[in-house]
Number of protein chains: 2
Amino acid sequence: MKIDEILDQIYNIPESSKVALKENISEVAYPKNHILLKADKIEANIYFIKKGIVRAFAPQKEKDITFWFGEEGETILSMKSYVERKKGYENVELLEDCELYELKVAHLNNLYNQDIHIANWGRKLAEKELLKIESRVISTELLSAKERYDALMSNSPSLIQRVPLKYIASYLGITPVSLSRIRKEK
Amino acid sequence: MKIDEILDQIYNIPESSKVALKENISEVAYPKNHILLKADKIEANIYFIKKGIVRAFAPQKEKDITFWFGEEGETILSMKSYVERKKGYENVELLEDCELYELKVAHLNNLYNQDIHIANWGRKLAEKELLKIESRVISTELLSAKERYDALMSNSPSLIQRVPLKYIASYLGITPVSLSRIRKEK
DNA sequence: TAGCAAAATTATCTTATGATAAATAATAGC
DNA sequence: GCTATTATTTATCATAAGATAATTTTGCTA
């Protein structure tokens with residue numbers, strides 16, 4: 001996915017502002033299983049996914065909790081690092097070999113203070129993430145595990161092809177054993 | 001709670017920008033049980049809570065799902081209306097007589113396009129809401145119902161005094177009967 | 001491509017929460 | 001303040017999901 005397309009789908013800004021933004025973006029690639037962001041670190045960069053799929057998980061003693069999957073076009077960031085420059089909850093792990101666009105938060109913050117279009121682009125970035133997570137919270141409280149699985153499959157059918165079921169189970173808030181039962185009952 | 005304090009805790013902006021923002025803010029008051037925002041409407045305003053407590057709920061055929069409580073200083077908005085000018089999921093109901101600061105989204109959007117400080121203030125508003133909801137998602141997946149109740153009580157002890165238990169049960173994703181059991185076991 | 005490790009499934013048993021109903025307590029309106 | 005309504009608690013039974021363990025399948029990698 002092209003960087004222009006990714007930036008535009010967040011919010012349209014004048015060409016000159018987009019150029020300023022892109023001057024601070026570089027391309028990087030990492031292999032499957034690479035840990036891109038770490039929970040015990042203040043992360044300096046955010047990423048946009050050019051190609052590949054990733055998961056964010058909160059590491060715990062016994063079990064990691066997968067709480068997000070990112071596919072092509074989506075933004076990867078440690079919310080706490082990005083917003084408060086504090087250590088976040090999440091590790092982000094690549095589930096496939098990935099190509100990413102990398103953007104330094106420090107540079108982005110400079111742009112936010114210099115360019116009103118980029119400031120509004122950053123506002124939209126946060127607002128759109130907020131909408132996604134809000135609909136997730138509501139569906140979590142509203143639906144049974146089976147219904148959440150069905151909804152995930154119809155909204156993101158490619159996930160089942162690309163992501164180990166144990167991570168999908170964690171995302172749904174159930175055990176892999178329980179997910180296996182649900183899938184069998186279909 | 002004073003409007004200056006509420007605006008400042010989101011993001012500090014120059015006095016002139018704050019004046020511009022406040023020129024568009026008026027005070028309103030509504031009684032307990034008033035429905036401030038409706039799920040089937042595109043809402044034109046956002047609110048800040050001067051005094052009182054409210055809940056946001058997604059209305060359903062049989063059961064309403066309470067997914068947020070707002071207390072003094074917090075921002076009330078229909079995310080979908082605010083971000084996309086579309087109908088949202090949520091009703092917002094006042095659980096006490098409330099005093100509110102009202103801000104028209106149309107005016108706010110004008111300011112976002114005119115004043116870079118206000119644009120960045122709006123960015124921080126969304127980012128801070130994002131942090132709150134993210135920590136909620138993680139704790140929902142991580143904790144048992146009893147642990148979520150304990151966490152809610154230690155983070156927001158006033159809730160139990162001010163909010164009927166049936167709404168707290170809904171927020172925790174359990175039935176009032178189940179919450180009653182949990183409380184008894186203490 | 002053989003062999004090993006990890007993932008997924010299946011089975012059994014346990015447990016937390018749901019559903020329902022009835023009793024008690026709290027609240028609001030007259 | 002009294003009464004009707006609503007909220008909360010308690011009890012019983014049903015069920016979805018957890019824990020554990022064994023088995024099968026898949027997928028690496030040497």
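Computed over heavy atoms, backbone and side chain alike; hydrogens, waters and symmetry mates excluded. By convention in this document, chain letters (A, B, ...) are assigned in the order of the sequence lines, proteins followed by strands, and residues within each chain are numbered from 1.
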In whole Å, I'd like the distance from the [atom1] atom of [X] to the [atom2] atom of [N].
{"X": "B:L179", "N": "C:dT17", "atom1": "CG", "atom2": "P", "answer": "11 Å"}
{"X": "A:E147", "N": "D:dA17", "atom1": "CD", "atom2": "C1'", "answer": "15 Å"}
{"X": "B:I160", "N": "D:dT8", "atom1": "CD1", "atom2": "P", "answer": "9 Å"}
{"X": "B:E141", "N": "D:dA17", "atom1": "CD", "atom2": "C1'", "answer": "15 Å"}
{"X": "B:K166", "N": "D:dT6", "atom1": "NZ", "atom2": "P", "answer": "9 Å"}
{"X": "A:L143", "N": "D:dA16", "atom1": "CG", "atom2": "P", "answer": "16 Å"}
{"X": "A:R148", "N": "D:dA17", "atom1": "CZ", "atom2": "C1'", "answer": "11 Å"}
{"X": "A:R183", "N": "C:dT10", "atom1": "CZ", "atom2": "C1'", "answer": "14 Å"}

Side chain of B:I174: nearest nucleotide among C:dA11, C:dA6, C:dT17?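 From the listed options, C:dT17 comes nearest.
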What nucleotide among C:dA7, D:dG18, D:dA7 has an atom nearest to a side-chain atom of B:P164?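 Minimum distance to the B:P164 side chain belongs to D:dA7.
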Once you measure the plane-to-plane angle for B:F48 and B:W121, does it fall in the parallel (<30°), tilted (30-60°) or perpendicular (>60°) bin?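 The rings of B:F48 and B:W121 stand perpendicular, inter-plane angle above 60°.
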On the six-membered ring of A:Y171, is A:R136 placed so that its NZ or CZ lies under 6.0 angstrom from the centre and within 45° of the ring axis?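 Ring-cation test returns yes.
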State whether B:F67 and B:R55 meet the cation-pi test: NZ (Lys) or CZ (Arg) under 6.0 Å from the six-membered ring centroid, and within 45° of the perpendicular axis.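 Pair B:R55/B:F67 does not count as cation-pi.
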Should we count CZ of B:R162 as having more than 12 external heavy atoms under 6.0 Å?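 More than 12 within 6.0 Å, yes.
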Just wondering, more than 12 heavy atoms not from B:K86 lying within 6.0 Å of its NZ?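 Not more than 12 within 6.0 Å, no.
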Toward the 5' end of DNA chain C, by each residue's nearest nucleotide, B:N33 or B:A145: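 Here B:A145 is the residue nearer the 5' end.
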Would you please confirm or rule out a distance under 4.0 Å between OP1 or OP2 of [N] and any side-chain N or O of [X]?
{"X": "B:R181", "N": "C:dT17", "value": "no"}
{"X": "B:S178", "N": "C:dG18", "value": "yes"}
{"X": "B:S180", "N": "D:dT8", "value": "no"}
{"X": "A:T175", "N": "D:dG18", "value": "yes"}
{"X": "A:K184", "N": "C:dA11", "value": "yes"}

With a 3.5 Å distance limit and no angle check, can you tell me whether A:N120 reaches the backbone of B:Y112 through a side-chain donor-acceptor pair?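 Yes; at least one donor-acceptor contact below 3.5 Å.
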For the backbone of B:L103 and the side chain of B:N24, can you confirm whether one donor and one acceptor N or O come within less than 3.5 Å of each other?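 Looks like no, no N/O pair under 3.5 Å.
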Spell out protein contact along nucleotides 21-30 of chain D as letters: B when the base is contacted, S when just the sugar-phosphate is, - when no protein heavy atom is under 4.0 Å; keep the 5' to 3' order. -------S--
